[in-house]
Amino acid sequence: MCGIAGTIAFHDQFRVTRETLEAMSAHIAHRGPDGDGLQIDQVTIGPQVGLVHRRLAIIDLDPRANQPFTDAIGRRIVFNGEIYNYRELRRDLESAWPNYPWKTQSDTEVLLVAYDTWGTKCVDHLDGMFAFAIWDRPAQELFLARDRMGQKPLYYAAARNNSAFAFASELQALTQVPWVDRATNTNALLNYLHWGYIPAPQTIYAGASKLPPGHWMKIRQSGIEIQKYFDPNTTTTQPNPDATLVQQTRELVEQAVQRQLVSDVPLGCFLSGGIDSSIIAACMRKALPPDQPLLTFSIGFEDPRYDETQYAAAVAHHLKTQHQTFIVKPDAANDLPLLAATFGEPFADSSALPTYYLSRETRREVKVALSGDGGDELFGGYDRYRAMALAQHIQQLPAFAQIALRHLATKAPGHHPKSRGQRLRRFAESLHLNPASRYATYMHLFTPDQLQQLLNQEAFPTNAPAPEDYLQSLYHQFQSQGRDVVQSALALDRITYLPEDLLTKVDRASMLHALEVRSPFMDHHLVHFASTLTTPQLIKGGPKRMLREAFAPDLPREVFRRKKMGFAIPIG
């Protein structure tokens, strides 16, 4: 886990300078406190290339694994992330190249040899989370790729006429390049105000972009090529009996956890006492040797409405983990500026704060922690999925019955935005909408009418795409492929909310403390399996049916019965 950055100049006007590279490196220093590297490849004929790396040493602590890493023919790599199957890949590559002079035991070198062997197809062989750049000097091209689910970030910018190109792990590092256009991207601002995040490929800056998850790109003097290599959503459904699916769920989660335990440093587990984190902890307990302690970590707050420590402690006691609880007092006034600088652009998920605090305290004990992030988006954990199913049933009732239900909902007590009464009223108000529009109302922060009131015409040009079109068009696309209303919502979240909000939050808040967080639910085998489940298999009898049935024997009954709290703090 690290930070990467670099620039390439095809024209003397955009010369690569050490000063620019050092400024980029300084803005990602928190991602890699264990080492730094900077190289400028300045050949007589061809482009100038500068590469930067900040290292957080997790696998192969030998300094020979430091980056930028160069092979015998001049290819250079900077790499952020972990390749969990690098040992298996190395055995395959050793068979293909028996005389290759290996220098390290690192996944970085395996990745570079994999590119030498398979070219752009190397990404299909990788099991992990990653963002990397390879300067292929013989081919005079730069190759970049981002992992399938978007756990690791990758920002980029191109100068006019493709005369220069720059990339970085974080947006603030990219803005240190003098020619990057830092004017506000108005469409990105509208999307932020509507959804709370800025979806790829946009950023808040007109001249900067995000490489979407599951994509790679090539940069040559002749132009830029971008290709998608992974889709988390499949259109098939599972024909197997439910009992078989429950067993498959268990096996795939256990295998994902087992793969992600590869490390040359101690690792632990975030534990809230909820379904997802408890399952990950249970799988870790099973996978680790009996004599190796399982380290689990949770945070609590003085406000009991937001405190889950008693539930985490109960699970820790059940699994016999070595558990630590940190009681923190949020100091948002002091901590938000640091977080805002790290995100580099507007970001509205307040759970970044508790993630920041949990990562800060956990990093005092370990360098790596596994988390339960992604379980809701894979297995149907949010109330909004059940709301979509319920609304679909209500729409099949006679019109007078629908009107009566909406009228009753307006009488429900409660004024707090998260009270049952308010949620019921919002649900009733969206019943007349089509499924795509209804789901958009569940997800937005400001409505289109509110945006019109907030922004003047200069900030809200009449030709700007409507922010709600972003989700609705994708939702319609998933429905047209044969998915029902719940499957479409899940498919949508797996390519929008999950990478753009949840995984972004986890990466920035944890890497600010140089803590590597791994999410076994993002294992691509597990993702594809979950995307084939039907709505009854997902939420019949309650949320996350497959997970509940698969791991019921391993955890206290209360884990599966208590109300979902979410990861929040008393932000008010």
Side-chain angles (χ1 to χ4, degrees), residues 2-10 16 21 24-25 35-55 59-60 62-83 85-86 89-90 92-126 128 130-147 152 154 156 164-169 211 215-227 229:
C2 308
I4 63 174
T7 59
I8 180 170
F10 296 104
V16 175
L21 295 173
M24 298 177 81
S25 179
D36 63 279
L38 186 156
Q39 290 182 4
I40 298 178
D41 187 8
Q42 189 168 3
V43 294
T44 305
I45 299 177
Q48 281 186 311
V49 178
L51 299 177
V52 165
H53 187 259
R54 304 297 300 226
R55 187 181 186 197
I59 292 175
D60 191 0
D62 192 311
R64 289 179 297 177
N66 287 345
Q67 302 177 42
F69 187 87
T70 308
D71 67 11
I73 60 173
R75 292 191 179 103
R76 302 184 182 192
I77 183 172
V78 285
F79 162 48
N80 168 30
E82 304 291 351
I83 307 301
N85 65 332
Y86 78 98
L89 286 177
R90 176 159 175 163
D92 294 341
L93 294 166
E94 285 174 340
S95 298
W97 303 97
N99 298 319
Y100 180 84
W102 294 90
K103 302 176 184 178
T104 73
Q105 297 297 317
S106 70
D107 54 350
T108 302
E109 185 172 15
V110 169
L111 180 51
L112 186 54
V113 177
Y115 176 78
D116 291 346
T117 305
W118 297 306
T120 61
K121 295 292 185 182
C122 68
V123 292
D124 297 327
H125 297 261
L126 305 179
F130 53 82
F132 64 87
I134 296 175
W135 167 235
D136 189 343
R137 183 194 283 178
Q140 293 286 284
E141 62 187 25
L142 184 68
F143 177 73
L144 301 100
R146 190 177 177 200
D147 65 69
K152 294 295 104 186
L154 191 55
Y156 69 92
F165 181 89
F167 66 90
S169 292
L211 183 65
H215 282 68
W216 59 255
M217 64 190 306
K218 274 188 176 182
I219 296 88
R220 311 178 186 89
Q221 189 165 11
S222 58
I224 296 174
E225 176 187 4
I226 299 179
Q227 291 285 342
Y229 70 89

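Computed from a predicted structure; not experimentally measured. Quick note: numbers below take in every heavy atom, side chains included, and nothing from hydrogens, waters or symmetry partners.
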Relative to the ring of Phe165, is the ring of Tyr156 parallel (under 30°), tilted (30 to 60°) or perpendicular (over 60°)?
-> parallel

Looking at Gln67 and Ile77, what are the two nearest heavy atoms and their distance?
-> OE1-O, 3.8 Å

With sequence neighbours excluded, what pairs up with Glu141 under the side chain to side chain contact (heavy atoms under 4.5 Å, CB included) test?
-> Tyr115, Asp136, Ala139, Lys218, Arg220

How many angstroms lie between NE2 in His215 and CG in Leu144, if you round to the nearest 0.5 Å?
-> 13.5 Å

Identify the heavy atoms of Glu225 and Trp216 that sit nearest to each other, and give their distance.
-> OE2-CH2, 3.6 Å

Go through the steps to decide whether Leu93 and Tyr100 satisfy the test side chain to side chain contact (heavy atoms under 4.5 Å, CB included), and finish with yes or no.
-> CA-CA 9 Å; Leu93 294 166; Tyr100 180 84; over 6 Å; no

Taking everything shown except Trp97 itself, do over 12 heavy atoms lie less than 6.0 Å from its CH2?
-> no

Can any side-chain N or O of His53 pair as donor or acceptor with the backbone N or O of Phe79 at less than 3.5 Å?
-> yes

What's the verdict on side chain to side chain contact (heavy atoms under 4.5 Å, CB included) for Arg76 and Gln39, showing C-alpha distance, side-chain angles and the deciding distance?
-> CA-CA 9 Å; Arg76 302 184 182 192; Gln39 290 182 4; 2.8 Å; yes

Measure from NZ or CZ of Arg75 to the centre of the six-membered ring of Trp135 and say whether it is under 6.0 Å with the direction within 45° of the ring axis.
-> no

What is the distance from atom CZ of Arg90 to atom OG1 of Thr104, rounded to the nearest 0.5 Å?
-> 6.5 Å

Val78/Val52 under side chain to side chain contact (heavy atoms under 4.5 Å, CB included): CA gap, chis, key distance, verdict | CA-CA 7 Å; Val78 285; Val52 165; over 6 Å; no

Spell out, as yes or no, whether a donor-acceptor pair under 3.5 Å connects the side chain of Thr7 to the backbone of Ala166.
-> no

Would you mind reporting whether Pro47 and Gln221 have side-chain heavy atoms less than 4.5 Å apart?
-> no

Shortest non-hydrogen contact from Cys2 to Ser169?
-> O-OG, 4.4 Å

Kindly indicate whether the side chain of Leu89, heavy atoms from C-beta on, has any atom under 4.5 Å from the side chain of Ile83.
-> yes

Counting only N and O atoms by type, is there a donor-acceptor contact under 3.5 Å from the side chain of Glu109 to the main-chain atoms of Ser106?
-> no

Output yes when a side-chain donor or acceptor of Arg146 lies under 3.5 Å from a complementary backbone atom of Leu211, and no otherwise.
-> yes

Of all the heavy-atom pairs spanning Leu142 and Ala133, show the shortest one and how long it is.
-> CD1-CB, 4.4 Å

Considering residues at least two apart in sequence or located in another chain, which fulfil the side chain to side chain contact (heavy atoms under 4.5 Å, CB included) criterion with Asp124?
-> Lys121, Tyr229

For Gln227 and Thr120, test the side chains for any donor-to-acceptor distance below 3.5 angstrom and give the result as yes or no.
-> no

Side chains of Val16 and Ile8 in contact at under 4.5 Å (non-hydrogen atoms) | no

For the side chain of Thr117 and the backbone of Val113, is there at least one donor-acceptor N/O pair under 3.5 Å apart?
-> yes

Which atoms form the tightest heavy-atom contact between Arg137 and Asp41, and what is the distance?
-> NH2-OD1, 2.6 Å

Do Asp36 and Arg55 sit within salt-bridge range, that is, some charged N less than 4.0 Å from a carboxylate O?
-> no

Chi angles and distances behind the side chain to side chain contact (heavy atoms under 4.5 Å, CB included) call for Phe69, Leu51 = CA-CA 10 Å; Phe69 187 87; Leu51 299 177; over 6 Å; no

Lys/Arg cation over aromatic Phe132: Lys152, 6.0 Å, 45° cone = no

Contact summary for Leu154 and Ala131, nearest pair of heavy atoms = CB-CB, 4.2 Å

Side chains of Leu111 and Tyr86: does their closest heavy-atom pair fall under 4.5 Å?
-> no

